[in-house]
There are 2 protein chains.
Amino acid sequence: MTLKEFSKTIGMSQTTVSRALGGYPEVNEATRRKIREAAEQYNYHPNSRATGLATGRSMMIGHILATRTRHEMVNPIFGDFVASASKTYAEYGYDMMFTRVEDGNEEASYLKLKARQVLDGLVVQGPTVKDAHIPILKKIGIPFVVHGRSSELTESYSWVDVNNRAAFKRATQFLIDLGHRRIGLINGLEHMDYAFRRREGYTEALLESGIEVDPALMSCDEMTEAFGYQRAQQMLQTDAPPTAFVVSSLISAFGVRRAAEQRGLVLGKDFSVVCHDDDLSYFENGRDVPIFTSTRSSVREAGRLLAELLIEKISNPKMKDRHILLEAALVVGTSTGPAPSAG
Amino acid sequence: MTLKEFSKTIGMSQTTVSRALGGYPEVNEATRRKIREAAEQYNYHPNSRATGLATGRSMMIGHILATRTRHEMVNPIFGDFVASASKTYAEYGYDMMFTRVEDGNEEASYLKLKARQVLDGLVVQGPTVKDAHIPILKKIGIPFVVHGRSSELTESYSWVDVNNRAAFKRATQFLIDLGHRRIGLINGLEHMDYAFRRREGYTEALLESGIEVDPALMSCDEMTEAFGYQRAQQMLQTDAPPTAFVVSSLISAFGVRRAAEQRGLVLGKDFSVVCHDDDLSYFENGRDVPIFTSTRSSVREAGRLLAELLIEKISNPKMKDRHILLEAALVVGTSTGPAPSAG
DNA sequence: ACCGAATTTGAAAGCGCTTTCGAATTGACC
DNA sequence: GGTCAATTCGAAAGCGCTTTCAAATTCGGT
C-alpha cells in the first residue's frame, strides 16, 4: 500500500497523512490520531527507500566488518556489541547494516559507500595501533565513531573505549600487592590497540614496583583457549615460572588454568589469574561468584553508549568530537590469592 | 555526483550511462568500457535508494535478531555465521542488515518490514522446536531461509541444517563402541530445535545398544562453561557416575573437563568427552591435533550455503523449497578412550 | 545511392515519498 | 456580519534512478 492509495482510502491528502505520521506540528492532534489509527489498521508504513530518497537520509548505520585479520577471525565480542548497539539504533528509528571493507582497499570501499548513500554513519570496531580506516573516513567525511582508539594517530575523532591501560595496571598491581613477583602476560595481538594499551598498563605497574619486565613472561596472539594453554605451559616449564597471570580474555584464561592445573597447581592458591571479562552474554565468568578475578567492562554498555554518540553525531555533524572512557571494574573472584611462599 | 551530472560531464545521456553500468546488452562494448572508466575516475556510484525505488528491489538481506532468549543472549556462532554469509551476499551485490524482532510481536514486526520494503529476503536463525517466525513469514510472503529446522512445524520452507540427530547418535555410538555404558548428555536448551534433535540422536544410540536412558544423566541449559562444569560435577558425584560425556558445545566441554580433572580424572583415560564443534574462528579446538573428539560442522560453510540458497530464492520466488542437510564429521581427538574397567 | 533491418542512443514517465508554497478554513475581534 | 490573522490542508515539484518507447544511427544488400 502506497501513500497515495492509503490517503485516498481514508479520504485525506498525501501531504496531511505524511505530516501526521511524520509527527510534524502542522496537523491537528485529533486528525493525527485518526490517521495513526488508520495506518495501524491498514498496516501502512512508508516505503523506506522513497522516504530516504526524499529526505536524503537513509536512517541506516553501518558496522564495518574489516577482513583484516587472517582467517577472517571474528571477534567474540562482536555479537554482543552489535546486539546492544542495534537496540539503541532501533529506538531512534535507525536500521543497522554490515559492510565488508577489504584490507588495502579501504579508500575505494568508503568512497563507494559514500557515493551510494546507503548509510548515514559508521562504527569502526577493533582499531589497530595505527588504524588505516580512521583517517580515510575523516577525509571522506562520513560520520563515524570508533569502538576503541588508535594510539599512534594524531587526528581527532570520537570514540568509546575501555581504559585498558588503567585496568591492566590495576590488575597487575593487585597481584603485586598479593606478593606476586613473577607475573605472566597472556595478551591479544599487540597491533590491536586494546592489547597494546594493556601491555603498557602491565609494564607500568611492574616498573612502579621495581619489578623487572621479563620478555619471557610476555606473549601475544589470537585469544584462544589453546593459546592460553600453550603459553602458560611454556612459561610454567621454565626455571623461574610465574606465580600469576594477567590474561586478556576469559577464553584464554580457561586455557591458562588448564595448563597450570595439569601441573598439579591449584587455582587461587598455587597460582593466580586475573583476566579481562567483556561480560559476554554467552560466556559467563561463573554464576554467582565469579570464577576469575577480572577487569570487567560490559561490551553491551559500550555498544549502547557508542550508538547514542553516533546518532548524536549524525544529527549534528558539526558536533565536537567526544570521548567516552569506561573504567573497568576489578571484580574479585576465586582465582587470586597470595603468592605461594618460595619455601 | 548524480547520474545527471555525471552523464553531462562525460557527454552521454543518462540512459546510456545507466545501461552501460548496469550491464545491459543494448550498449556498445567500447562505450561501456569508456563509461566504466569514467565512473571509476569520477567515483560515480548510483544512489542505492534511488536505484531501489526505481527497481523495486532493495538489494538488502536481513538477519533477524530475535530477542527471544532471556538476557538477550547472543549465540556464540552468530559472528562467524554472519561474517561468512555477508561475504556471499557481497559477491552478489547484496548488503546485509539486522532486524530486531520483539518476542510476541513477530507478526507486526514482519508486516512492517514488508511494508517498508527495506529488504528482499530474510534469514531466520536458531529456530525453536515449534518456531513462531516461520509460519508468519510464510503467510506474509517474505522470502526466507532458516538456519536449522523446526521439528514440530508441518509447513514447507527452505533450510540449511546440520544433521544433529545423526551427529549425536554417531558420537554416542562411538563412545558405546569404546565400552562406555554410562554416558552423560550436556545439552543446549531443548526448546531449541538443534538441542532437541541432539537428544534424540543420543537416546536413539543408547536404545539401539540396549542401554537404559537415565534422566539423571541428561541435562540442558545455556551452553556456558559454568554450566558444563556444574552439571558434570553433579553427575560425577553420584554412585554411578558417567565415564563419558556427550556435550553440545566446545565451551561447555571445557567446563566438563574442568569438573572431571578436579576430581583427579584424566581426560581420554578415566573419562571421555565428545562435543560438537562449530569450527568457530575464535574458538578453536586445539591447534594441530584437536583436543576434543568432536562432531564438527563448519558454521561458516553453512552461512555460505544458506546465503546462496536465499539469493536464489529471492531471484526466483516460485522456486521449490530446498533443504540442505550437512553431515557433521566425527573428528577424533585426544579426549576419548576406552571405558575404564570397573575393576 | 537507397532501403530496411539491426543496432545504439535519448526524452520522458514513473517509482513513493517529503516539503514548499499557496489556498482554504477557522476563529477572534470590532 | 465582516475583516484579518492563525491554523490547517492540498497541488505539485523534486529526490536519483530505471526503463519504455521512439528517434537516430549504422550497416548490409541490391
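In what follows, every chain begins at residue 1, and chains take the letters A, B, ... in the order their sequences are listed. These numbers were taken from a predicted model, which means no experiment stands behind them.
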So with a 6.0 Å cut-off around [atom1] of [X], is the heavy-atom count from everything else above 12?
X	atom1	value
A:E5	CD	yes
A:R33	CZ	no
A:E26	CD	yes

Nearest-angstrom distance from the residue atom [atom1] of [X] to [atom2] of [N]:
X	N	atom1	atom2	result
A:R49	C:dT18	CZ	C1'	17 Å
B:L53	C:dA13	CG	P	17 Å
B:K4	C:dA11	NZ	P	12 Å

If an axis is fit to five pairs at each end of the helix from C:dA1-D:dT30 to C:dC30-D:dG1, what is the angle between the two, to the nearest 10°?
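The angle separating the two end axes equals 40°.
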Do A:N43 and A:H45 pass the side chain to side chain donor-acceptor pair (under 3.5 Å) test, and can you show the C-alpha distance, the side-chain angles, and the key distance before you say yes or no?
CA-CA 6 Å; A:N43 187 43; A:H45 299 276; 3.2 Å; yes
Report the relative orientation of the aromatic rings in A:F81 and A:H147; use parallel for angles under 30°, tilted for 30 to 60°, perpendicular for over 60°.
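A:F81 and A:H147: parallel rings.
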The side chain of B:T55 is closest to which nucleotide in this list: D:dT19, C:dT18, D:dC9?
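Between D:dT19, C:dT18, D:dC9, the one nearest the side chain of B:T55 would be D:dT19.
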If you check every side-chain atom of B:Q14, which of D:dG14, D:dC17, D:dC9 has the closest atom?
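Ranking D:dG14, D:dC17, D:dC9 by closest atom to the B:Q14 side chain puts D:dC17 first.
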Residues from residues 33-43 of chain B sitting under 4.0 Å of DNA chain C, heavy atoms only?
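Within residues 33-43 of chain B, no residue comes under 4.0 Å of DNA chain C.
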Near DNA chain C, under 4.0 Å by heavy atom, which residues of residues 24-32 of chain B?
B:E26, B:V27, B:N28, B:T31
How long is the span from the NZ atom in A:K313 to the CG atom in A:L306, to the nearest 0.5 Å?
11.5 Å
At under 4.0 Å between heavy atoms, what does [X] touch on the DNA or RNA strands: base, sugar-phosphate, or nothing?
X	value
B:T15	base
B:Y44	sugar-phosphate
A:S18	base

Taking side-chain contact (heavy atoms from CB on, under 4.5 Å) as the definition, give me every residue that meets it alongside A:Q41, ordered by chain and number, with sequence neighbours left out.
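Partners of A:Q41 by the side-chain contact (heavy atoms from CB on, under 4.5 Å) criterion come out as none, since no residue qualifies.
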Donor-acceptor contact below 3.5 Å, side chain B:T128 vs main chain B:M192:
no
Generate the contact string for nucleotides 21-27 of chain D. Rules: B means base contact, S means sugar-phosphate contact only, - means no protein heavy atom under 4.0 Å.
-------
Show me the pairs that pass salt bridge (Lys or Arg N to Asp or Glu O under 4.0 Å) and involve residues 113-130 of chain B, at least two apart or across chains.
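Listed once each, the pairs are A:D95-B:R116.
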Are side-chain N/O atoms of B:D193 and B:S151 paired as donor and acceptor at under 3.5 Å?
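The answer is yes; a qualifying pair exists.
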Looking only at non-hydrogen atoms, find the nearest pair between A:F144 and A:V146 and report the distance.
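Closest pair (atom of A:F144, atom of A:V146, distance): CE1-CG2, 3.7 Å.
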Would you say a side-chain N or O of A:S13 is under 4.0 Å from OP1 or OP2 of D:dG10?
yes
Test of ring centre spacing under 6.0 Å for B:Y110 and B:H133:
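Ring centroids of B:Y110 and B:H133 are less than 6.0 Å from each other.
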Looking at side-chain heavy atoms only, is the closest gap between B:W159 and B:P127 below 4.5 Å?
no
Under a 4.0 Å N-O cut-off, is there an ion pair linking A:E29 with A:R32?
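Looking at A:R32 together with A:E29, the answer is yes, because their closest N to O distance falls below 4.0 Å.
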I want to confirm an ordering. Mapping B:G11 and B:A50 to their closest nucleotides on DNA chain C, which one lands closer to the 5' end?
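The answer here is B:G11.
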